[in-house]
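Just so it is clear, the structure is predicted and the values come from calculations on it, not from any experiment. Indexing begins at 1, ligand by ligand and atom by atom, following the structure's order. Computed from heavy atoms alone, side chains included, the values below leave out hydrogens, waters and symmetry copies.
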Amino acid sequence: MNLDYRIGFGYDVHQFTDDRKLILGGIEIPFERGLKGHSDADALLHSICDAMLGALALGDIGKHFPDTDPKYKGIDSKLLLSEVNKLVENEGYILGNLDSTIVLQRPKLAPYIQAMRKEIASILYCRVDQISVKATTSEWMGFVGEEKGIKVISTVIMVKK
Ligand code: MG
């Protein structure tokens, strides 16, 4: 179906680990722990990739960049998002806007939100006001509240070029 607008939803979870840097939204956040994963474990960029792929029914990040492929070990997720952007552009769509919520107990992300938005906008060749990044805690409940990991939820709307 050749719709003018297509909506997409993405969700990602990563576990905290002691021996990695914390990378979110393509930037390094000072914190004593990072996220476990085959790539750099940037859960925010992963959820955006999944939302954009989902909008065009192109599958998911695991289909395009399998974590069994050594090529993607430790890869910068900015490269993955850039590839996803090419895939959706090939389908004739560009990002309208995106809205993401990062759910984590610590660290506080407010000082880094603007830098993340700028970084994402530069990868997607769009304006910063098309990119919304928010953060919330889980009120000390569940795996997020227990600081075992984080989750990120993203929605996008893709617009026909
Ligand atoms: Mg992931």
Side-chain angles (χ1 to χ4, degrees), residues 6-89 91 93 95 97-109 112-113 115-124 126 130-138 141-158:
R6 298 194 52 134
I7 192 165
F9 171 81
Y11 173 77
D12 197 29
V13 167
H14 280 265
Q15 221 179 320
F16 274 121
T17 183
D18 287 333
D19 52 358
R20 296 190 77 178
K21 291 175 178 170
L22 178 58
I23 311 285
L24 279 174
I27 65 166
E28 191 183 330
I29 314 260
F31 191 53
E32 67 259 27
R33 292 188 296 165
L35 297 169
K36 208 173 183 172
H38 186 67
S39 67
D40 65 3
D42 190 329
L44 173 55
L45 297 193
H46 294 178
S47 77
I48 295 169
C49 285
D50 262 358
M52 290 173 67
L53 290 169
L56 277 301
L58 293 174
D60 59 30
I61 193 170
K63 175 185 161 184
H64 293 275
F65 315 107
D67 64 6
T68 48
D69 189 336
K71 185 163 75 176
Y72 301 118
K73 190 165 166 49
I75 197 168
D76 183 340
S77 296
K78 287 182 272 194
L79 299 173
L80 305 183
L81 183 57
S82 181
E83 281 305 308
V84 165
N85 198 38
K86 283 179 203 156
L87 288 168
V88 297
E89 279 211 86
E91 296 288 316
Y93 286 82
L95 180 78
N97 69 293
L98 83 81
D99 186 18
S100 296
T101 299
I102 305 166
V103 191
L104 85 175
Q105 204 59 48
R106 285 189 313 141
K108 286 284 176 222
L109 294 180
Y112 310 104
I113 295 284
M116 290 187 222
R117 293 175 65 210
K118 279 187 187 161
E119 194 66 40
I120 295 162
S122 78
I123 301 163
L124 298 178
C126 68
Q130 289 170 274
I131 309 296
S132 162
V133 176
K134 312 187 299 298
T136 188
T137 73
S138 177
M141 294 181 289
F143 73 86
V144 170
E146 289 161 13
E147 301 191 80
K148 290 179 179 163
I150 76 165
K151 57 182 164 187
V152 187
I153 296 149
S154 294
T155 51
V156 299
I157 193 150
M158 305 303 297

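With no hydrogens or angles considered, a side-chain donor-acceptor pair links His46 and Asp12 at under 3.5 Å. With 3.5 Å as the limit, one finds no donor-acceptor pair spanning the side chains of Thr155 and Asp99.
Ring orientation note: the planes of Phe65 and Tyr72 are nearly perpendicular, at an angle over 60° on the 30°/60° scale.
Salt-bridge formation is not detected for the pair Glu89/Lys86: no Lys NZ or Arg NE/NH1/NH2 atom is positioned less than 4.0 Å from an Asp or Glu carboxylate oxygen.
Within the coordination shell of the Mg ion (ligand 1), defined by N, O or S atoms under 2.8 Å, Asp42 is absent.
Looking at Asp12, its N, O or S atom nearest to the Mg ion (ligand 1) turns out to be OD2. In terms of distance to the Mg ion (ligand 1), the nearest N, O or S atom of His46 is named ND1.
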